[in-house]
Structures are given as structure tokens and as C-alpha cells.
Amino acid sequence: MIRAVKGTRDLLPPDTAVWNRVEKTAREVFRAYNYHEIRTPILEEEQLFVRGVGTETDIVSKEMYAFDDHGTRLVLRPENTASVIRAYIEHRLDQKPGIQKLYYIGPMFRRERPQKGRYRQFFQIGAEAIGSDSPFTDAEVIELVAEILSRAGLSGFHMLINSVGCKECRPVFVAKLKEALQPVAPQLCTDCQRRTETNPLRVLDCKVPEDQPLIDALPSILDSLCGICAPHFAAVQTYLQDRGIPYEIKPRLVRGLDYYMRTTFEAVHGNLGAQNSVLGGGRYDGLAESLGSKVHSPGIGFSIGEDRLVMTVDAGEPEVLDLFVATMGNAALRHAGSLAKELRRDGLSVEVSTDAKLKRAMELANKLGTRYVAILGEDEIAAGEYSLKNMLTGEQERVKREDLLQRIGKKN
RNA sequence: GCGGCUGUAGCUCAGCUGGUAGUAGCGCCAGAUUGUGGUUCUGGAUGUCGCGGGUUCAAACCCCGCCAGCCGCCCCA
């Protein structure tokens, strides 16, 4: 048997209804915030991510699906921000008026070990606001994503924010951190001892309880922010407070992608297991330049892990069938075909039974969970009526064609 | 990439210290006379016990490898 490849999966009904609901909600919120959809290719040149995301990141160094295409190295996109910025530069969107506010929904690919909430093909709902370095934009983006989460039905998430500084102040902080780590490193967990050398910032993200007191005593990046980053971060918070957006400052919040600077944020939820992050985002003021833009194009964006969001959100109401037409005989079947076409144009969901045995048709109607069954036999055809049965109450009545739509009504 | 656990009918699972699987539950199919579902009753189908080797007279049960899933690490969405 041929199965879906490792780390990928089929999304089947009724789950797909939840996905559609989440996406519909997101599109509505994006529209309210004046975002417009962008669709970029799933295939990109490898160099886009090498230069955009950074060779040092796990994503680029070991997780990309890459292959040679007649001499060009192509990859399945592992994330979408670099693609959006590429498109922004390629199509000179900087020439358009105002901030470019773009959103996307689609699959990303990373060759990781799959587990709960982590797949090799996973879906992201994301957005980028390009062309503004104002902290007001940061606050609006955070507000937007929080709005999507709550309107999608996710409750109990925590929005964590931080500033990781810029080219000027981050190196200073890293040096300071390394210095502070030297004497205490031997007392930390083995992972942290390694991180002290490879990536000191990650030590701050350690979850080992025993390490916490020592980590708490380490310097905070917030104390090292420069004269530009510090007031920027303060302003973001002011704007968030103005809007009543709950947030939590987490100075240890470190994002993995190289392009992030200043504001970074993440939302976590308790029901996701080890992969407790439903979304991540941040500011990336230097990304456009590193991708070859001659114009300074500061931006900020986020991406929601749709798989994780769907997993956490309430399933909600299933999609229901409005009407099932049970027919007896070929004349009735032909008649039912025309009727179904008309009612479907009126917006009802309609199924027609081809089984001439009424009992079997009724059994099927019941299993499909239809709201109404219209019975069409010789009697009804002769009378020019339908026997309409309400499957919930069991009541049945004769109804004329012109009254059918009103009698059934619409559910969803 | 590393570690742990798991893998039996469509689904959830049982299967004692190895003797070639279960009346299991749910689901599915067919019946309980003529144009009516949901409850009930009766009958039925379905598995190369994840795959491939090995040990044994004999393996779903033991050993090895592979694959997949889950959990954790790493990392991230």
C-alpha cells in the first residue's frame, strides 16, 4: 500500500471544515486590517533562503528539501517571509503608496523529525507589513494576530514579546552574556554547556527547572538595548496597552531566524505538547537589503502554525446537509435532478438518492444527517407536491414546490 | 539527526509463561411482507497480526533490520 510520505498527511472531512473556518476567519480579519493576499511559488531558489534566513539556522543548514533542477538549486519553501520580500523587491512594491500589507496561507516544508504539532509539510497563515519602521506598526501586527487567534476560537494563549536588539546592540549583549556564562556554565545542564559555546542566546530559552535560578541571574537583553531599540520597544508596549492587548514581556524569548531584529513575539498554548508555540513573528528591517534591495524596506510579520491552531481550536458545528431527495422510479429521479439544481442555486446543500427503495433511501438520509427529506413518488408527482419530512422531529407534510425553499430554510 | 514507547479487522482494542486470532465494542452490508430513518432483533463480510529476515517442531507473542506513528531532545509554526 502506498501511504502519504512521512511527515505529511491527508486532511479529511469533517476536519477540513475546521480548516476552512479558520482560514475564513483569518481572511476576514486581514480584510479588516487592510491586508491583501499574496501567493508566491512553493518552489524557490535555494539562495533566497540561504541569504534571507541565514546559513547558520537549522532550517537552512539541515531542513530544506533541495534538489538540482538542470543546474539550479531549488527548494521547497521552508517559510514564506523571504519569498514575500523577494516578490516585493521583484515587483517594485516599494513604489506603491503606503505600507504594503500582505498575507498568505499555504504549505511550508521542513525535513524534521515529525511529532505532535510538527509536520514536514505544514501550513502557515502569515502576514507581512513592509515599508514602516514605526512601533505603531509592530503593535498593529500583534493586535492583528491576537485578533485572528481569538476570533478563530482559541482561548487561553499567551502573547509573549521581546526585543532582540539590532546589529549595534545585540553583539554587545552576546559578548556580555558569554562573559557571565563562563563561571556558571559547568553548573548548567549539558545542553546549556554546549549552547554556551554554539549559541549563548539559546541558553536563555532552556526549560530545565534546575537551571532557572542561574539563568534568571544572567543579564537581560533589555538592559543592553541601544538608544534606538530601547525607545522603540517602549513605544510598542505603550501602543499595546492603549488597545488593551494582553502581553507578557519575556526577555528570554529568542527567535531562531537570523533576520529578526528589535521586536519579536510568540504565542504559546498549553495543549500543544512540546511544540507549544502557535505563532512566531518579528521585525526584520535588514532583510530586504540582504536580498538585494537598494531601497531600505523595514518590515514586520508573523506566521501562525495552522496545523497547531486547528488542533487547539474547538471543532465547532459540522457542515450539514439541508435536503435529501428520495426518489421512486425513473420519472421521479429525473424530476429530482431538476429540483436539486434549482435548490442548489438557491444556496441549499442537496443530495439526490438514486436508490428506488424508499427504506434504503431513508436509512442513508439518516446516516448523512440531513435536516429534511423530500419524498418523490408517483403520488407526489400526480399531485404536483412533495412529501417533506423533518428528520429531527419526524413530522411530515405535503408541500408545494413554491413553498419548499421557505419551509426548509438555510442552516449553513 | 539522537533517545524512549508503540504497530492485531474501517475505528477502539483483547489475545495468559511462544502452539498457526476475538461471540469483543463501534462501524459496514443484508434481512424482520407492500412508499418512510433514528431504538430493537437476526444474519453476514473483512485481517498475509506494519514489512523483511532469524531462532524454534511451532511465533501476533522471542531476536535483528527496516518502515510508520506517538512522546521527548534538537529546533520551530
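Below, chain A is the first sequence line, B the second, and so on; all start at residue 1.
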Report task. Select base, sugar-phosphate, or nothing to describe what A:Phe123 touches, counting heavy atoms under 4.0 Å on all strands. Result -> nothing
Requested in this report: Among B:rG37, B:rG35, B:rA68, find the nucleotide with the atom closest to the side chain of A:Lys359.
Outcome: B:rG37
Query - Distance between P atoms of B:rU33 and B:rA24 (Å, rounded) - result: 26 Å
Query raised in the report: Do other residues, nucleotides or ligands put more than 12 heavy atoms under 6.0 Å from the CZ atom of A:Phe67?
Result: yes
Query raised in the report: Got a donor-acceptor contact below 3.5 angstrom from the A:Ser349 side chain to the A:Asp322 backbone?
Result: yes
Query raised in the report: Do A:Lys24 and A:Glu28 pass the salt bridge (charged side-chain N to carboxylate O under 4.0 Å, His left out) test, and can you show the C-alpha distance, the side-chain angles, and the key distance before you say yes or no?
Result: CA-CA 6 Å; A:Lys24 183 165 178 261; A:Glu28 285 166 6; 3.6 Å; yes
Report task. Could you tell me which non-hydrogen atom of A:Ile375 sits nearest to which non-hydrogen atom of A:Met362, and how far apart they are? Result -> CD1-SD, 4.5 Å
Query raised in the report: Considering only the P atoms, how many Å lie between B:rC5 and B:rU46, rounded to the nearest integer?
Result: 36 Å
Report task. Quickly, which of A:Arg51, A:Arg73, A:Arg77 forms a salt bridge (Lys or Arg N to Asp or Glu O under 4.0 Å) with A:Glu46? Name it, please. Result -> A:Arg73
Query raised in the report: CZ of A:Phe109 versus P of B:rA77: gap in Å, rounded?
Result: 16 Å
Query raised in the report: Of the nucleotides B:rC76, B:rG69, B:rC71, which one has an atom closest to the side chain of A:Arg110?
Result: B:rC76
Requested in this report: Check every strand shown and say whether A:Arg111 touches a base, only sugar-phosphate, or nothing at a heavy-atom separation below 4.0 Å.
Outcome: sugar-phosphate
Query raised in the report: Would you say B:rU34 has OP1 or OP2 under 4.0 Å from some side-chain N or O of A:Lys357?
Result: no
Requested in this report: Taking only the side-chain heavy atoms of A:Gln115 (C-beta and beyond), determine which of B:rC70, B:rG35, B:rG72 contains the nearest atom.
Outcome: B:rG72
**Report entry** Nearest-angstrom distance, P atom, B:rC41 to B:rG4
**Finding:** 49 Å
Query raised in the report: What's the CZ-P distance between A:Arg113 and B:rC2, to the nearest Å?
Result: 8 Å
Query - With A:Glu128, the side chain to side chain donor-acceptor pair (under 3.5 Å) member among A:Tyr103, A:Tyr284, A:Tyr35 - result: A:Tyr284
Query - Identified stems (criterion: three or more consecutive Watson-Crick or G-U pairs, under 3.5 Å), RNA chain B - result: B:1-7 with B:67-73, B:10-12 with B:24-26, B:28-32 with B:40-44, B:50-54 with B:62-66
Report summary line: Expected list for residues 11-48 of chain A near RNA chain B, using heavy atoms below 4.0 Å, is none
Query raised in the report: Distance between the P atoms of B:rG19 and B:rC61, in whole angstroms?
Result: 11 Å
Report summary line: Per side-chain contact (heavy atoms from CB on, under 4.5 Å), A:Pro114 is matched among A:Gln121, A:Arg9, A:Arg120 by A:Arg120
Requested in this report: Please measure how far the P atom in B:rG44 lies from the corresponding atom in B:rG53, and state the result in whole Å.
Outcome: 36 Å
Report summary line: Taking for A:Lys62 and for A:Gln124 the nucleotide of RNA chain B with the nearest heavy atom, the one nearer the 5' end belongs to A:Lys62
Query raised in the report: Nearest to the side chain of A:Asn366, which nucleotide is it out of B:rG38, B:rG69, B:rA77?
Result: B:rG38
Report task. Could you tell me whether A:Arg120 contacts a base, only the sugar-phosphate backbone, or nothing, with contacts defined as non-hydrogen atoms closer than 4.0 Å? Result -> nothing
**Report entry** Inter-nucleotide C1' distance (B:rC57, B:rG1), Å rounded
**Finding:** 44 Å
Requested in this report: Quick one: do A:Thr263 and A:Asp138 satisfy side chain to side chain donor-acceptor pair (under 3.5 Å)? Show the steps, please.
Outcome: CA-CA 7 Å; A:Thr263 313; A:Asp138 300 37; 2.6 Å; yes
Report summary line: Between A:Met108 and A:Pro78 the two heavy atoms that sit nearest each other are CB-O, 3.8 Å
Query raised in the report: Is the distance from OP1 or OP2 of B:rA68 to the nearest side-chain N or O of A:Lys6 less than 4.0 Å?
Result: yes
**Report entry** Residues A:Arg401, A:Glu342; criterion salt bridge (charged side-chain N to carboxylate O under 4.0 Å, His left out); working and verdict
**Finding:** CA-CA 11 Å; A:Arg401 169 66 187 92; A:Glu342 291 170 20; 2.8 Å; yes
Requested in this report: Could you list by number each residue of residues 376-398 of chain A showing a heavy-atom separation from RNA chain B of less than 4.0 Å, or answer none if no residue does?
Outcome: A:Glu378, A:Asp379, A:Glu380, A:Lys389, A:Met391, A:Leu392, A:Gly394, A:Gln396
Report task. Would you indicate which nucleotide in B:rA68, B:rA77, B:rG3 comes nearest to any side-chain atom of A:Arg118? Result -> B:rA77
Report task. Mind checking A:Ile375 for me? I need base, sugar-phosphate or nothing, with any heavy atom below 4.0 Å counting as a touch. Result -> base
Report summary line: Partner of A:Tyr33 under side chain to side chain donor-acceptor pair (under 3.5 Å), picked from A:Glu143, A:Glu147, A:Glu140, is A:Glu143
Query - Heavy-atom pair with the smallest gap, counting every atom of A:Arg283 and A:Pro298 - result: NH1-CB, 4.0 Å
Report task. Write down the distance between CE (A:Met311) and C1' (B:rG69), rounded to a whole number of angstrom. Result -> 14 Å
Report summary line: Which of A:Ile221, A:Leu225, A:Leu253 passes side-chain contact (heavy atoms from CB on, under 4.5 Å) with A:Ser163? Answer is A:Leu225
Report task. Give one of base, sugar-phosphate or nothing for A:Gly7, where a contact means two heavy atoms less than 4.0 Å apart. Result -> sugar-phosphate
Query raised in the report: B:rC75 C1' sits how many Å from A:Asp58 CG, rounded?
Result: 5 Å
Report task. Taking only the side-chain heavy atoms of A:Glu363 (C-beta and beyond), determine which of B:rC76, B:rG37, B:rG1 contains the nearest atom. Result -> B:rG37
Report task. Please measure how far the C1' atom in B:rG69 lies from the corresponding atom in B:rU12, and state the result in whole Å. Result -> 16 Å
**Report entry** A:Lys367, nearest nucleotide to its side chain (from B:rC75, B:rA77, B:rC28)
**Finding:** B:rC28
**Report entry** Which atom of A:Pro107 lies closest to which atom of A:Ile42, heavy atoms considered
**Finding:** CG-CD1, 3.8 Å
Report task. Indicate, yes or no, whether a donor-acceptor pair under 3.5 Å links the base of B:rG69 to the side chain of A:Arg3. Result -> no
**Report entry** Nearest-angstrom distance, C1' atom, B:rG52 to B:rG15
**Finding:** 24 Å
**Report entry** Given B:rG69, B:rC28, B:rG3, the nucleotide with the shortest approach to the side chain of A:Pro114
**Finding:** B:rG69
